[in-house]
K.L.:
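My questions all concern the structure below.
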Amino acid sequence: MLSNMRIQELELVMEFEKVEECLKEVSSWIENVGRKCLKETINLDDSLEMLLQARKQFREFDLVASEYCRRGQEALKKMDQWEDISSVDVQSYRVKLKNYRDQLEEFCTQLDENRHRICETVRLYEFFDKVRLLCASVAWRRA
């Protein structure tokens, strides 16, 4: 029984090494590209035209970022079986997985928040633009 458990642990370590390549790639992209692009969307411009341009650029980034999030989540899902292993020998691998999971979850949450914020800001600016045009039209008719 002990031998079987040890074999299972070794198989998980081998699986981890395969999955870790994907996780390293996702992690590297998040750190070197993803976070920088998210920071660029923090300060949105004050005109509807510039905001629409920023939304277009964000959508292009969002497609790539969402793909990295999906790949990272799939890789982590493959390692869900580690939750059942309590051996001290695999503890360091569990810590690595937790770090990858935390990083990915934080980034995906920030991505969702930025997506929502940009969408809501565009809707608000479009609303104000319609109100401004309506007010201008009413003022023109009165004159």
Side-chain angles (χ1 to χ4, degrees), residues 4-143:
N4 286 344
M5 191 169 92
R6 191 71 176 143
I7 289 171
Q8 184 183 17
E9 289 173 3
L10 290 173
E11 288 172 348
L12 284 173
V13 168
M14 289 172 32
E15 179 69 20
F16 176 82
E17 290 173 356
K18 291 178 193 172
V19 170
E20 188 176 30
E21 288 302 313
C22 177
L23 293 173
K24 281 181 179 178
E25 181 183 340
V26 170
S27 177
S28 176
W29 185 87
I30 287 172
E31 291 303 318
N32 298 320
V33 178
R35 290 192 195 280
K36 290 176 185 173
C37 289
L38 282 180
K39 285 180 184 176
E40 291 173 5
T41 63
I42 289 175
N43 297 321
L44 298 172
D45 289 314
D46 289 338
S47 73
L48 179 59
E49 182 181 323
M50 295 300 288
L51 190 56
L52 292 172
Q53 180 65 28
R55 181 179 68 177
K56 180 183 177 201
Q57 291 171 348
F58 180 80
R59 284 182 174 165
E60 293 168 4
F61 162 73
D62 189 28
L63 288 173
V64 175
S66 294
E67 177 63 20
Y68 274 97
C69 288
R70 184 193 63 75
R71 287 178 49 210
Q73 290 164 344
E74 285 178 2
L76 288 169
K77 190 172 184 83
K78 290 178 183 177
M79 301 310 297
D80 280 347
Q81 57 196 346
W82 282 68
E83 299 300 321
D84 300 333
I85 306 290
S86 60
S87 169
V88 175
D89 295 334
V90 296
Q91 186 62 27
S92 64
Y93 296 101
R94 292 179 75 184
V95 169
K96 284 182 179 182
L97 281 174
K98 183 183 178 336
N99 291 338
Y100 285 126
R101 181 173 278 115
D102 290 348
Q103 178 195 39
L104 184 64
E105 286 175 359
E106 177 192 359
F107 178 77
C108 291
T109 298
Q110 289 175 345
L111 183 66
D112 288 341
E113 288 171 356
N114 279 21
R115 184 183 307 119
H116 179 73
R117 185 175 54 83
I118 289 172
C119 181
E120 290 301 311
T121 304
V122 166
R123 285 182 28 190
L124 184 63
Y125 270 71
E126 288 173 337
F127 172 76
F128 284 136
D129 199 46
K130 287 178 185 176
V131 169
R132 184 184 57 77
L133 290 173
L134 182 61
C135 289
S137 173
V138 169
W140 180 77
R141 287 183 185 162
R142 287 185 179 171

K.L.:
I need the minimum non-hydrogen distance between Ser27 and Tyr100, along with the two atoms involved.
P.N.:
CB-CE2, 4.0 Å
K.L.:
When rounded to the nearest 0.5 angstrom, what distance separates CD in Gln110 from CG in Asn114?
P.N.:
7.5 Å
K.L.:
Working to the nearest 0.5 Å, report the span between SG of Cys69 and CD of Gln73.
P.N.:
6.0 Å
K.L.:
Measuring from Glu31:CD to Arg35:CZ, what's the distance to the nearest 0.5 Å?
P.N.:
4.5 Å
K.L.:
Using the test ring pair (Phe, Tyr, Trp, His ring centres under 6.0 Å), find all partners of Phe61 that sit at least two apart in sequence or belong to another chain.
P.N.:
Trp29, Phe58
K.L.:
Name all pairs fulfilling the ring-ring contact (aromatic ring centres under 6.0 Å, His included) condition that reach into residues 118-139, sequence neighbours left out, sorted by first residue then second.
P.N.:
none
K.L.:
Could you give the distance from OG (Ser92) to CG (Leu97), rounded to the nearest 0.5 Å?
P.N.:
10.0 Å
K.L.:
Look at atom CD of Glu17 and say whether more than 12 heavy atoms of other residues, nucleotides or ligands are closer to it than 6.0 Å.
P.N.:
yes
K.L.:
Under 4.0 Å between a side-chain nitrogen and a carboxylate oxygen: does that hold for Lys77 and Glu74?
P.N.:
no
K.L.:
Assess the residue pair Phe16 and Lys96 against the criterion (side-chain contact (heavy atoms from CB on, under 4.5 Å)); give the C-alpha distance rounded to whole Å, side-chain angles, the decisive distance to 0.1 Å, and a yes or no.
P.N.:
CA-CA 10 Å; Phe16 176 82; Lys96 284 182 179 182; 3.8 Å; yes
K.L.:
Which atom names give the shortest non-hydrogen contact between Val122 and Leu48, and what distance separates them?
P.N.:
O-CD1, 4.3 Å
K.L.:
Taking C-beta and beyond as the side chain, do Arg117 and Glu113 meet within less than 4.5 Å on heavy atoms?
P.N.:
no
K.L.:
For Ile30, which of Gln103, Glu25, Lys36 qualifies under side chain to side chain contact (heavy atoms under 4.5 Å, CB included)?
P.N.:
Gln103
K.L.:
Check step by step if side-chain contact (heavy atoms from CB on, under 4.5 Å) holds for Tyr93 and Glu20.
P.N.:
CA-CA 10 Å; Tyr93 296 101; Glu20 188 176 30; 5.9 Å; no
K.L.:
For residues 53-65, which residue pairs qualify under salt bridge (Lys or Arg N to Asp or Glu O under 4.0 Å), counting only residues two or more places apart or in two chains?
P.N.:
Asp62-Arg115
K.L.:
Checking Lys98 now: which residues fulfil salt bridge (charged side-chain N to carboxylate O under 4.0 Å, His left out) with it, not counting sequence neighbours?
P.N.:
Asp102
K.L.:
Does the Thr109 side chain pair with the main chain of Glu105, one donor and one acceptor, at a distance under 3.5 Å?
P.N.:
yes
K.L.:
For Leu63, does its backbone N or O pair with a side-chain atom of Ser66 as donor and acceptor, under 3.5 Å?
P.N.:
no
K.L.:
Mind checking side-chain contact (heavy atoms from CB on, under 4.5 Å) for Glu67 and listing every partner two or more places apart, or none if nothing turns up?
P.N.:
Arg70, Arg71
K.L.:
Could you state the interatomic distance from CG (Leu111) to CG (Leu104), rounded to the nearest 0.5 Å?
P.N.:
10.5 Å
K.L.:
State the OG1-CG distance between Thr121 and Leu51, to the nearest 0.5 angstrom.
P.N.:
6.0 Å
K.L.:
Applying side-chain contact (heavy atoms from CB on, under 4.5 Å), can you list everything that pairs with Gln57, at least two apart in sequence or on another chain?
P.N.:
Gln53
